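See below for the structure under consideration.
A, B, ... follow the sequence lines: proteins, then strands. Residue 1 opens every chain. Keep in mind the model is a prediction, meaning the values are calculated, not measured.
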Protein chains: 2
Amino acid sequence: MVGEPAKKPSRIQIRNRRRIMDAALEVFSQHGYRGATLDQIADEAGMSKPNLIYYFDGKAAIHVALLNALMEEWLAPLAEMDEGGDPLNEILTYVRRKMDMSRRYPRESKLFANEIIQGAPRMGPHLETRLKPLFDEKCALIRGWIEEGRLAPTDPQQLIFSIWAITQHYADFEAQVRVLIPNEGAGWDAAHAHVETLFRKLLTSPETPS
Amino acid sequence: MVGEPAKKPSRIQIRNRRRIMDAALEVFSQHGYRGATLDQIADEAGMSKPNLIYYFDGKAAIHVALLNALMEEWLAPLAEMDEGGDPLNEILTYVRRKMDMSRRYPRESKLFANEIIQGAPRMGPHLETRLKPLFDEKCALIRGWIEEGRLAPTDPQQLIFSIWAITQHYADFEAQVRVLIPNEGAGWDAAHAHVETLFRKLLTSPETPS
DNA sequence: ATTGTTTTTTACCATTTGGTAAAGGCACGA
DNA sequence: TCGTGCCTTTACCAAATGGTAAAAAACAAT
């Protein structure tokens, strides 16, 4: 029942695989899947095109490997939302971490955005198996908090969508934000403050005002 | 100083230009600029590839024509935000209209999203000349309302970003939403209600709670 | 019908792109 | 030092792609 021997990868393999992934992230996030070329990725990685193919089974394989590898760390902050903590604080902490990720890893955000906008043709299954369970779990957690009266009533699913939408907006629509707010730093401080206030009000204000 | 005579386009020209734009919207919004091919667009439009080129000066020209034409109607709801109306109502009306547009014209939303994510290479100038002035104008309007004490204090720029982010999310990330909320209709009613509550609370709650 | 103009098709072309074959280089243990 | 197996390069290729040339067809005006 054992599959292949699966020899452990050499130092060179590890180094080059990582270089390829880095390069692919750069290129795929900027141009989308079909817009990216193996030549670009090879250039960026400082190696030849056939050498890419030696390490990965083609363009699609690189893309899938990237998406799958990044999915884990991208979801980590949500996974860490803890039953034990203070509800408001847990959620706001999540919001803050997502904002930080948008600022520090815009390429990852754009990579996912590209993939999803185009219908998630290569990530669909992974969404089902990895994202959906986590999403459902955290929705249940939030719903529990609300039922205990520790948060203002809100639809947990929609809440999480809002958080994703707003935080990722700053990474994905960077180009637009920069046009509209030409200050250097693109007003990150203002963005942080605004987003935090927005969700704080949503989650604490007891009633929907008229 | 007159340019070309600019004869008025024939009926056939109008019809075919429109057919091409429709087809291009479909294809570009699904695959992004580089992912779209003239053959696909020609197929979708029911005509031959050289015939496309007869009507438009190449792939880039089609794309730019699409973006520029759509920019107007896409911005219309924001333009209609009126100084004379009730502040909260004006903004919530804008939010509702943006939600409707996301539901009814997801292709347009995705077209813009693709373009912006990839750095707005073909729409940059248009952002400066058409979007920025309108954005600045409406930010000033909102700032005025806040100074008159008719809205809770908020950064108008960030407010508009949030509105865009959330409303467009439902169109752009449709694939993800459908995986996470498999109900038919993708929970549009819940989405509408949630978004309205979110911004209502932001704009009316007088103080930032602790 | 005839002529001039607009529209469409057919047949190409050069470049780009993902991918392959096969030989050459290189490190490293015996 | 000599293989042996891992890594890299060179030289290709077939398909796809944006675009062109020019003839044919459709149409409009006389």
Side-chain angles (χ1 to χ4, degrees), chain A residues 4-67 111 114-115 118 121-122, chain B residues 4-67 111 114-115 118 121-122:
Chain A
E4 279 109 52
K7 309 178 77 170
K8 85 164 65 170
S10 73
R11 237 160 281 116
I12 286 185
Q13 264 176 42
I14 293 176
R15 177 175 55 88
N16 281 356
R17 281 229 164 87
R18 199 188 327 263
R19 269 174 29 182
I20 293 171
M21 298 280 264
D22 273 0
L25 173 59
E26 182 72 25
V27 176
F28 279 131
S29 67
Q30 254 175 61
H31 304 289
Y33 179 73
R34 298 201 53 187
T37 72
L38 288 181
D39 290 288
Q40 281 174 293
I41 299 175
D43 258 23
E44 186 81 26
M47 62 183 75
S48 67
K49 183 167 60 172
N51 216 0
L52 287 193
I53 306 296
Y54 175 75
Y55 285 104
F56 288 90
D57 246 8
K59 188 183 178 183
I62 300 179
H63 195 235
V64 170
L66 241 196
L67 289 170
L111 180 82
N114 266 309
E115 171 72 3
Q118 303 186 3
R122 274 164 294 279
Chain B
E4 280 107 54
K7 310 178 78 171
K8 84 166 64 165
S10 74
R11 239 160 277 115
I12 287 186
Q13 266 176 42
I14 292 175
R15 178 176 54 88
N16 280 354
R17 280 228 165 86
R18 201 188 325 266
R19 270 176 28 186
I20 292 171
M21 298 280 265
D22 273 1
L25 173 59
E26 182 72 25
V27 176
F28 279 131
S29 68
Q30 253 175 62
H31 304 289
Y33 179 74
R34 298 202 54 187
T37 72
L38 288 181
D39 291 286
Q40 279 175 290
I41 299 174
D43 258 23
E44 186 82 26
M47 62 183 75
S48 68
K49 183 167 57 173
N51 216 359
L52 287 193
I53 305 297
Y54 175 75
Y55 286 103
F56 288 90
D57 245 9
K59 189 184 178 182
I62 300 178
H63 195 237
V64 169
L66 242 195
L67 289 171
L111 180 81
N114 265 310
E115 171 72 5
Q118 303 184 6
R122 271 164 297 279

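Relative orientation of the Tyr33(A) and Phe28(A) rings is parallel, given thresholds of 30° and 60° on the angle between their planes.
At the heavy-atom level, Ala42(A) lies nowhere under 4.0 Å from the strands shown. At a threshold of 4.0 angstrom between heavy atoms, the contacts of Ala61(A) with the nucleic acid are absent. Within the 4.0 angstrom heavy-atom criterion, only backbone atoms of the sugar-phosphate kind lie near Arg34(A); the bases stay farther away.
Separating the NE2 atom of His31(B) from the C1' atom of dG18(D) is a distance of 17 Å, rounded to the nearest angstrom. Counting to the nearest Å, the P atom of dT7(C) and the CZ atom of Phe56(B) are 13 Å from each other. In this structure, the CZ atom of Arg17(B) is 12 Å from the C1' atom of dT7(C), given to the nearest Å. Taking atom CE on Met47(A) and atom C1' on dG25(C), their separation rounds to 16 Å, with Å as the unit. The CD-P distance, from Gln40(A) to dT16(C), rounds to 12 Å in whole Å. Computed from coordinates, the His63(B) NE2 to dG18(D) P distance equals 13 Å when rounded to whole Å. Nucleotide dT17(C) holds its P atom 15 Å from the CD1 atom of Ile62(A), rounded to whole Å. The distance from atom CD1 of Ile53(B) to atom P of dG19(D) is 5 Å, rounded to the nearest whole Å.
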Fill in: Worked check of side-chain contact (heavy atoms from CB on, under 4.5 Å) between Thr37(A) and Arg34(B)
CA-CA 11 Å; Thr37(A) 72; Arg34(B) 298 202 54 187; 4.1 Å; yes

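For dC7(D), one of the phosphate oxygens OP1 or OP2 lies less than 4.0 angstrom from a side-chain nitrogen or oxygen of Gln13(A). At least one side-chain nitrogen or oxygen of Asn16(A) sits closer than 4.0 Å to the OP1 or OP2 atom of dT8(D). For dT9(D), the OP1/OP2 oxygens have a side-chain nitrogen or oxygen of Ser48(A) closer than 4.0 Å.
In this structure, the nucleotide among dT9(C), dT20(D), dC7(D) sitting nearest to the side chain of Asn51(B) is dT9(C). Of the listed nucleotides (dC7(D), dG19(D), dT8(C)), dT8(C) has the atom at the smallest distance from the side chain of Tyr54(B). Distances from the side chain of Leu38(B) to the nucleotides dT8(C), dT9(D), dG19(D) place dG19(D) closest. Checked against dA11(C), dC7(D), dT17(D), the side chain of Pro50(B) finds its nearest nucleotide in dA11(C). Proximity note for Thr37(A) (side chain, C-beta onward) versus dT7(C), dT8(D), dG18(C): the nearest is dG18(C).
Every residue meeting the side-chain hydrogen bond (donor to acceptor under 3.5 Å, both in side chains) condition with Gln30(B), not counting sequence neighbours, appears here in chain and number order: Glu26(B).
Tyr54(B) contributes atom OH, which lies 6.0 Å from atom CD of Gln13(B) (distance to the nearest 0.5 angstrom).
Taking 3.5 Å as the limit, the base of dG18(C) and the side chain of Lys49(A) contain a donor-acceptor pair of atoms between them.
Closest approach of Ala45(B) to Ile20(B), counting heavy atoms only: CB-CA, 4.3 Å.
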